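Accompanying notes for the structure given below.
The structure displayed is predicted, hence computed values, not measured ones. Order of appearance sets the numbers: ligands from 1, and atoms from 1 within every ligand.
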Amino acid sequence: MLAKRMSRLGTETAFEVLARARAMEATGKEIIHLEIGEPDFDTPRNIVDAATRALHDGCTHYGPSAGLPEARKAFADFITKDRGLDVGPENIVITPGAKPILFFSILALAAAGDEVIYPDPGFPIYESVINFAGATPVPLPLIEDRGFSFDPERLKALVTPRTRLIILNSPQNPTGGMLTRADFRLAADLAAAHDAWILSDEVYSKMIYEDSYVSIYSCPDAKDRTILLEGHSKTYAMTGWRLGYGVMPAELAQQIAKLQTNCTSCTPGFTQIAGIEALNGPQEESERMMAEFKARRDVIVDGLNAIPGFRCLRPKGSFYVFPNITQTGWGSDRLASALLESAGVAVLSGTCFGRHGEGYLRLSFANSRQNIAKALGKISEFIHKAGKSA
Ligand code: PLP
């Protein structure tokens, strides 16, 4: 028998849909993949070369749990320059991907009796890990009419003396929305008033299309109660390398590093060396990737808005769109399944991201413009043929 806590652990449905889509492909069906959240580009060559050099130089041993000193310094220097607040190596913990920072932070800060506020629709791992830690998940609805920001009054109403942690994410998975300075300000004030922590998931900070980026560090007073989450997976097409980091007060960094000692020991050294090159080396390839994402965004948004019953905001960041499909008459889960089974297009139901995702689908535009156009044609054809679901 499994430990009871396992029944509280959720998952990322994207991986299940991907498995189903791959099984269909194995039977000869053509599937267009718009379900998975990873850049379809290769990691830039200079980053791969830096890792290869490090491997040849013998960077193949255990390293410090919090990260290599030179990588902690480089990541701290990057944050200081990029976000405009001074942080040092002692504030950085480097992990295999951004996800472990979520896992470790929630485990370190929240337990039974504590409440954790998190965005809904939001990255499903938040709710899963809050539950796993035995804390109470408190969803903060994101609202389409507000560009997928939250209602300030709602956040105020959700914060209680039991609130231990407020999770924010901007740009957002799955909506592509971004929070404003006022949103961060309110969260920072509420966290201070209730002596709570903030976890600001900023892994898409460099994947933005229009507005300049606003970070939780736009509220300098929040720094001492904040874990800022960053990573290389999305910006540098390094999902499979597993490289992310948290920026936090030094005392908390020591505790998070202790969790890492107990779990993975450390992040591979050559990956961290590659991560330094990513931040300090030429940025042209990453910029080219973003220009292509922007072109794809416009193709997918315009295409979806031309389909009867679909209404799609133009995302300000990330590589996701989150169209409202209520006017099609279909529920989200049924439409996502039907599109996979009947149209050969793999997308995710909005409910994979929480109950406030009902009425929406999530499509990733990490696929070629040609495939996106083809998928749009198939979705449109399906909707025209199937009409309203009876
Ligand atoms: N946070 C958000 C909002 C994400 O969308 C993801 C990945 O999809 C992560 C964190 C995890 O990133 P990583 O692959 O670096 O662990």
| query | For Phe270, what are the other residues in its hydrophobic cluster, where any two members join if their side-chain heavy atoms are less than 4.5 angstrom apart? | reply | Leu55

| is_close_aromatic(Tyr204, Phe123), centroid dist under 6.0 Å |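 Ring centres of Phe123 and Tyr204 not closer than 6.0 Å.
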
| said: I'd like to check the side-chain contact (heavy atoms from CB on, under 4.5 Å) partners of Lys206; sequence neighbours left out, ordered by chain and number. | reply: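 In terms of side-chain contact (heavy atoms from CB on, under 4.5 Å), with neighbours along the sequence ignored, Lys206 is linked to Phe78, Asp82, Thr235.
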
| task | With a 4.0 angstrom cut-off on heavy atoms, strictly below it, pick out the residues next to ligand 1 and order them by chain and number. | result |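 Near ligand 1, by chain and number: Gly97, Ala98, Lys99, Phe123, Tyr126, Asn169, Asn173, Asp201, Val203, Tyr204, Ser233, Lys234, Arg242.
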
| message | Is the positively charged end of Arg362 above the ring of Phe353, judged by distance under 6.0 angstrom from the centroid and angle within 45° of the axis? | response | no

Would you give me the side-chain donor-acceptor pairs under 3.5 Å for residues 128-135, sequence neighbours excluded?
unit_1	atom_1	unit_2	atom_2	d
Ser128	OG	Gly10	N	2.8
Asn131	ND2	Glu127	O	3.3

| request: Evaluate side chain to side chain donor-acceptor pair (under 3.5 Å) for Thr95 paired with Gln260, printing each intermediate quantity in order. | output: CA-CA 8 Å; Thr95 44; Gln260 174 127 287; 5.3 Å; no

